[in-house]
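Residue numbers count from 1 along this sequence. Only heavy atoms go into these numbers, but all of them, side chains included; no hydrogens, no water, no symmetry mates.
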Amino acid sequence: MRTGKIISFEGPDGAGKTTVLESLLPVLQKKFTGQVIMTREPGGVEIAEKIRHIILDVKHTSMDSKTELLLYAAARRQHLVEKILPELVKGNLVLIDRFIDSSVAYQGYGRGISISDVDWLNHYATDGIKPDLTFLFDLSSEAGLGRIQKNHNREVNRLDLEKLDMHKRVRQGYLSIAKQEPNRFKVIDASQALENVIKETQAILENFLEL
């Protein structure tokens with residue numbers, strides 16, 4: 001029986017979700033009574049990490065959109081059964097850097113694949129499991145790409161090479177998803193100073209988890 005919770009961190013490229021997640025991890029580990037697990041998608045376990053390398057390799061620019069979607073789903077399934085579900089059964093808190101909504105935003109809205117098809121594949125890969133809470137770190141595409149260009153320590157992947165129009169569709173996709181599920185999503189203005197973004201996210205998290 002699943003007693004743990006999933007909290008996902010989503011957002012367009014350059015929004016800073018990973019930085020916020022890494023900053024809050026030690027705080028939650030001190031305050032949460034169970035274990036707090038941080039993981040990512042695609043990846044999180046060996047097989048999924050190998051699939052991640054295939055998906056994000058800058059040499060794979062010829063990858064078909066549906067191939068991309070199916071690879072994400074395969075990585076997600078393996079990640080779920082090997083890592084996420086066992087932690088949920090233990091009653092632990094799982095923090096995920098990207099999850100199902102990334103596929104809807106990037107492959108659905110961004111690539112133009114039918115949203116219903118992406119939703120179906122997400123449901124199939126996860127057996128219908130959704131995050132209990134999702135943070136969307138919202139930032140303009142221009143600002144996000146500008147941050148990426150300035151951050152020389154960041155991993156540059158195939159999606160970073162996409163044109164501005166693609167990134168704009170992804171951002172609007174995220175906002176559309178959040179509007180459809182307001183009870184699950186918390187939208188954070190990621191254009192604020194990082195300190196303020198972290199503080200706002202932490203306050204929502206502690207209230208949600210009753211810490």
If two hydrophobic side chains count as joined below 4.5 Å and joins carry through other members, does L24 share a cluster with V94? no

Could you tell me the separation between the NZ atom of K168 and the CD atom of E162, rounded to the nearest 0.5 Å? 15.0 Å

If we only count heavy atoms from C-beta on, is the L136 to D101 side-chain gap below 4.5 Å? no

Under the side-chain contact (heavy atoms from CB on, under 4.5 Å) rule, what do L139 and R147 come out as? Steps first, then yes or no, please. CA-CA 11 Å; L139 184 70; R147 287 181 180 180; 3.5 Å; yes

side-chain contact (heavy atoms from CB on, under 4.5 Å) between E22 and M38, intermediate numbers included: CA-CA 8 Å; E22 291 174 345; M38 176 180 169; 3.4 Å; yes

Does V20 reach the side chain of L194, with side-chain heavy atoms less than 4.5 Å apart? yes

Looking only at heavy atoms, which two atoms of L133 and R184 are closest? And how far apart? CD1-O, 3.5 Å

In short, I188 meets Q192 closest at the heavy-atom pair CG2-NE2, 4.3 Å

Do you know which of D119, N122, I177, T134 makes side chain to side chain contact (heavy atoms under 4.5 Å, CB included) with I100? N122

ILVMFWY cluster, I37 and V89 together (side-chain gap under 4.5 Å): no

Grab the two heavy atoms, one from S102 and one from Y174, that are nearest each other, plus how far apart they are. OG-OH, 3.0 Å

Please state whether the rings of F9 and F135 are parallel, tilted or perpendicular, taking 30° and 60° as the class boundaries. tilted

Heavy atoms, side chains only, cut-off 4.5 Å: are F208 and K5 in contact? yes

Return the minimal non-hydrogen interatomic distance between F99 and I129, and the atom names on each side. CE2-O, 4.1 Å

Taking I7's backbone N and O only, do any of them form a donor-acceptor pair with D132's side chain (distance below 3.5 Å, no angle check)? no

Can you find a heavy atom in the side chain of I115 that is under 4.5 Å from one in the side chain of Y109? yes

Examine I55 and L70 and state if one hydrophobic cluster contains both, with Ile, Leu, Val, Met, Phe, Trp and Tyr joined whenever side-chain heavy atoms are less than 4.5 Å apart. yes

Walk me through whether V170 and D13 qualify under side-chain contact (heavy atoms from CB on, under 4.5 Å). CA-CA 9 Å; V170 169; D13 293 290; over 6 Å; no

Which atoms form the tightest heavy-atom contact between V58 and T61, and what is the distance? O-CG2, 3.4 Å

Examine distances only and state if a side-chain atom of R77 and a backbone atom of A125 form a donor-acceptor pair shorter than 3.5 Å. yes

Answer yes or no: is there a side-chain heavy-atom contact under 4.5 Å between H79 and I84? yes

Hey, does Q180 have a side-chain heavy atom less than 4.5 Å from the side chain of S176? yes

Could you check whether any side-chain heavy atom of F32 comes within less than 4.5 Å of a side-chain heavy atom of L205, counting everything from C-beta outward? no

Looking at R171 and P12, would you say the former's side chain and the latter's main chain have a donor-acceptor pair under 3.5 Å? no

Any side-chain heavy atom of T19 sitting closer than 4.5 Å to one from I198? no

Same hydrophobic cluster for Y124 and V81, using side-chain heavy-atom links shorter than 4.5 Å among ILVMFWY? no

Which pair of non-hydrogen atoms, one from L21 and one from I96, has the smallest distance, and what is that distance? CD2-C, 4.4 Å

Taking atom types as modelled, find out whether S65 and Q107 have a side-chain donor-acceptor pair closer than 3.5 angstrom. no

For the CD atom of E82 and the OG1 atom of T39, what is their distance to the nearest 0.5 Å? 10.0 Å

Tell me, with the steps shown, if I204 and T201 meet side-chain contact (heavy atoms from CB on, under 4.5 Å). CA-CA 5 Å; I204 294 171; T201 306; 5.9 Å; no

Would you find a donor on one side and an acceptor on the other, under 3.5 Å apart, between the side chain of S141 and the backbone of H167? yes

For Y72 and R98, test the side chains for any donor-to-acceptor distance below 3.5 angstrom and give the result as yes or no. no

dist L85:CG -> R2:CZ (nearest 0.5 Å) comes out at 8.5 Å

May I ask you to decide whether E41 forms a salt bridge with K83, counting only side-chain N to carboxylate O separations under 4.0 Å? no

Which pairs with one or both residues in residues 199-209 pass salt bridge (charged side-chain N to carboxylate O under 4.0 Å, His left out), sequence neighbours excluded? K31-E206

Taking the side chain from N92 and the backbone from Q35, do they hold a donor-acceptor pair closer than 3.5 Å? yes

Going from CG on D117 to OG on S103, what distance comes out if it is rounded to the nearest 0.5 angstrom? 12.5 Å

How long is the gap from CG on L71 to CZ on R76, to the nearest 0.5 Å? 11.5 Å

I51 CD1 to L56 CG distance, which is reported to the nearest 0.5 Å: 11.5 Å

Counting N and O atoms only, with roles assigned by atom type, does the side chain of E10 sit under 3.5 Å from a partner on the main chain of F137, one being a donor and the other an acceptor? no

